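Everything numeric here is computed off the predicted structure, so don't read it as measured data. Chain naming here is simple, since letters A, B, ... match the order of the sequence lines and numbering starts at 1 in each.
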2 protein chains.
Amino acid sequence: MSARAALVNADEAWEPVSDSVLSRLSEAILSGDLKPGTKISEPEVSKRYGISRAPLREAIRRLEERNLVSRIPRQGARVVVLSPARIEQIFVIREAIEGMAAREAAARITDAEVAALKASLERQREASRETGSLAYPFKSLDTDYHSAIVHASRNEFLVKFLCEDYYALVELCRRQQRRRPERVHRSLIEHGQIVEALAQRDPDLSEMLMRRHVAAARKDVLAHLDPHPPKEKKK
Amino acid sequence: MSARAALVNADEAWEPVSDSVLSRLSEAILSGDLKPGTKISEPEVSKRYGISRAPLREAIRRLEERNLVSRIPRQGARVVVLSPARIEQIFVIREAIEGMAAREAAARITDAEVAALKASLERQREASRETGSLAYPFKSLDTDYHSAIVHASRNEFLVKFLCEDYYALVELCRRQQRRRPERVHRSLIEHGQIVEALAQRDPDLSEMLMRRHVAAARKDVLAHLDPHPPKEKKK
DNA sequence: TCACATCATTCTGTCGACAATCAGAGGATA
DNA sequence: TATCCTCTGATTGTCGACAGAATGATGTGA
């Protein structure tokens with residue numbers, strides 16, 4: 001069995017070209033290298049990356065699935081433009097989904113996961129103290145924290161939705177905001193409350209606190225949008 | 001301008017091959033023609049439909065986006081198998097998303113839309129009386145009803161999620177259930193309550209009632225699963 | 001100067017083909 | 001007889017190419 005498993009998928013390191021292209025394009029969009037509204041020309045990108053158009057088209061379609069680009073038939077794909085209205089809509093969905101994830105997690109989370117969450121929270125507090133909440137690593141810790149709660153829900157569709165489909169889009173929203181130490185501080189308090197509710201296995205409270213947390217983040221992002229958002233590019 | 005618009009997209013009836021294939025495959029899965037677990041062979045399907053593999057692969061990717069098939073690299077795509085656990089997970093997401101849609105709709109719905117909803121509800125009642133709730137048209141009316149509420153939320157991501165990404169999957173869940181007149185009757189009452197809450201522009205009540213409605217449907221589906229679900233097929 | 005029609009270029013959607021890999025049949029061995 | 005290995009056919013991922021449509025530039029007329 002193990003010998004057979006070794007034969008199947010012998011090339012463990014193999015990865016579809018479309019996957020690596022997807023990663024590179026995602027990074028380019030998140031980093032602002034590809035600005036909102038930019039047209040993604042298939043011949044150009046395929047030449048630049050040295051691949052054919054087949055895997056590139058697959059990658060673009062998956063970017064569309066993740067709402068990072070929008071396609072119009074016979075006209076190609078463009079990087080999504082995040083208007084304030086759209087950012088609000090995305091946070092509304094997040095509130096519903098993450099709230100439900102917290103509710104489900106409260107009923108299923110293990111003691112070990114609660115302990116891990118508390119440890120994660122402590123790392124966030126440390127990072128916050130050390131760097132004044134401005135450093136990049138905090139974002140990663142925040143993502144880990146939310147991801148852990150979603151996984152504790154034991155709902156594969158919730159996981160897929162938040163960790164795959166909407167992960168990059170939420171990150172893109174976040175990057176349109178200036179860093180605000182006050183919000184980070186407040187956020188840490190809310191994280192602590194949520195962990196406490198989860199530890200008590202209280203579904204109602206967990207959901208309510210998570211929804212308030214996301215709603216607060218929404219208001220903060222919308223109230224402090226980067227005054228110099230990347231402009232659309234026609235070309 | 002209108003002249004130019006007429007030139008652009010002159011062939012108004014044109015549709016990508018991948019779209020029509022997507023429709024045909026979706027229908028085949030929903031109708032049970034393609035049973036859960038069935039492998040979707042690209043050469044076979046492309047030959048059967050008389051198309052090349054390129055648009056077929058695009059269609060399969062979109063089926064994956066809608067969770068109707070699952071793909072494994074280098075092994076192909078298989079029709080999703082809806083275990084009771086998965087059905088429950090799908091309804092959990094629906095509860096969160098449709099609940100939020102109802103909340104948002106309560107704040108944005110127009111008088112005309114409320115009137116249309118009430119009319120739709122009346123049609124459902126009539127269909128229920130005439131056919132004893134067993135006829136197919138009721139399903140369509142129910143879909144229209146939920147769709148109208150989602151659209152009233154004015155949230156394009158909510159609309160895309162419910163009306164595109166998850167629509168077929170929910171429909172697939174529904175078809176694993178025997179028809180139950182009692183549930184249909186109860187469902188009509190709940191629909192009426194929701195419309196009333198929307199008409200009063202009460203976000204809290206609208207969301208709560210919609211969540212209860214979806215949760216009730218979930219319990220009903222799980223409690224009365226078709227005892228003869230379509231079996232997986234290896235070949 | 002502005003609006004419109006015409007045309008060349010570029011791009012998207014689709015097609016057929018090839019190499020590497022996977023699943024299953026069949027035989028060899030204990 | 002059961003388990004493992006080998007081999008063969010079929011399938012997936014990727015590639016290059018072509019036809020029709022869209023974009024933008026050019027030219028024409030009021």
Side-chain angles (χ1 to χ4, degrees), chain A residues 1-25 34 37-65 69-79 232-235, chain B residues 1-25 34 37-65 69-79 232-235:
Chain A
M1 174 57 180
S2 69
R4 174 140 190 90
L7 283 178
V8 173
N9 253 337
D11 194 353
E12 199 68 37
W14 177 83
E15 180 191 44
V17 178
S18 57
D19 279 18
S20 62
V21 176
L22 174 65
S23 302
R24 294 177 72 173
L25 284 176
L34 282 174
T38 308
K39 164 127 191 223
I40 298 183
S41 163
E42 294 178 9
E44 182 195 326
V45 177
S46 64
K47 260 179 257 170
R48 175 142 42 96
Y49 289 170
I51 59 173
S52 80
R53 280 177 54 215
L56 173 62
R57 280 174 69 84
E58 161 126 13
I60 291 177
R61 212 210 53 73
R62 293 173 75 174
L63 289 175
E64 186 189 18
E65 175 181 345
V69 309
S70 60
R71 279 198 323 168
I72 302 178
R74 297 268 174 191
Q75 294 188 25
R78 285 179 180 277
V79 179
E232 297 183 49
K233 252 193 193 168
K234 276 296 165 54
K235 174 70 176 311
Chain B
M1 175 57 180
S2 69
R4 174 141 190 90
L7 282 179
V8 173
N9 253 339
D11 192 354
E12 199 68 38
W14 177 83
E15 179 191 44
V17 177
S18 56
D19 279 19
S20 61
V21 176
L22 174 65
S23 303
R24 294 176 71 174
L25 284 177
L34 282 174
T38 308
K39 164 125 193 225
I40 299 183
S41 163
E42 295 178 8
E44 182 196 327
V45 176
S46 65
K47 260 177 257 171
R48 175 143 41 96
Y49 288 170
I51 60 172
S52 79
R53 281 176 52 215
L56 172 61
R57 281 174 68 84
E58 162 126 12
I60 291 177
R61 280 180 238 129
R62 294 173 76 173
L63 288 175
E64 187 189 19
E65 173 181 348
V69 309
S70 60
R71 278 200 321 168
I72 301 179
R74 298 267 174 191
Q75 293 188 26
R78 285 180 181 277
V79 178
E232 298 183 47
K233 252 194 196 169
K234 275 299 166 50
K235 178 68 175 311

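Between the two ends of the helix from C:dT1-D:dA30 to C:dA30-D:dT1, each summarised by a five-pair axis, the helix axis turns through 20° (rounded to 10 degrees).
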Review point. Can you give one letter per nucleotide of nucleotides 11-18 of chain C, 5' to 3': B if a protein heavy atom sits under 4.0 Å from the base, S if only from the sugar-phosphate, - if neither?
Key: SBBBB-B-
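For A:S46 (side chain) and A:E42 (main-chain N/O), a donor-acceptor pair under 3.5 Å exists by modelled atom type.
Nearest heavy atoms, B:S18 versus B:P55: CB-O, 3.5 Å. Residues A:I60 and A:V69 come closest through the heavy atom pair O-CG2, 3.8 Å.
A salt bridge does not link B:E65 to B:R61: none of the charged side-chain nitrogens sits closer than 4.0 Å to a carboxylate oxygen.
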Review point. Which is it for A:L25 and A:L56 under the side-chain contact (heavy atoms from CB on, under 4.5 Å) test, yes or no, and what are the steps along the way?
Key: CA-CA 10 Å; A:L25 284 176; A:L56 173 62; 4.0 Å; yes
Check your understanding: Could you go step by step and tell me if A:R78 and A:R71 meet the side-chain contact (heavy atoms from CB on, under 4.5 Å) rule?
Key -> CA-CA 6 Å; A:R78 285 179 180 277; A:R71 279 198 323 168; over 6 Å; no
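Interatomic distance, CG of A:L34 versus CZ of A:R24, reported as 11.5 Å (0.5 Å rounding).
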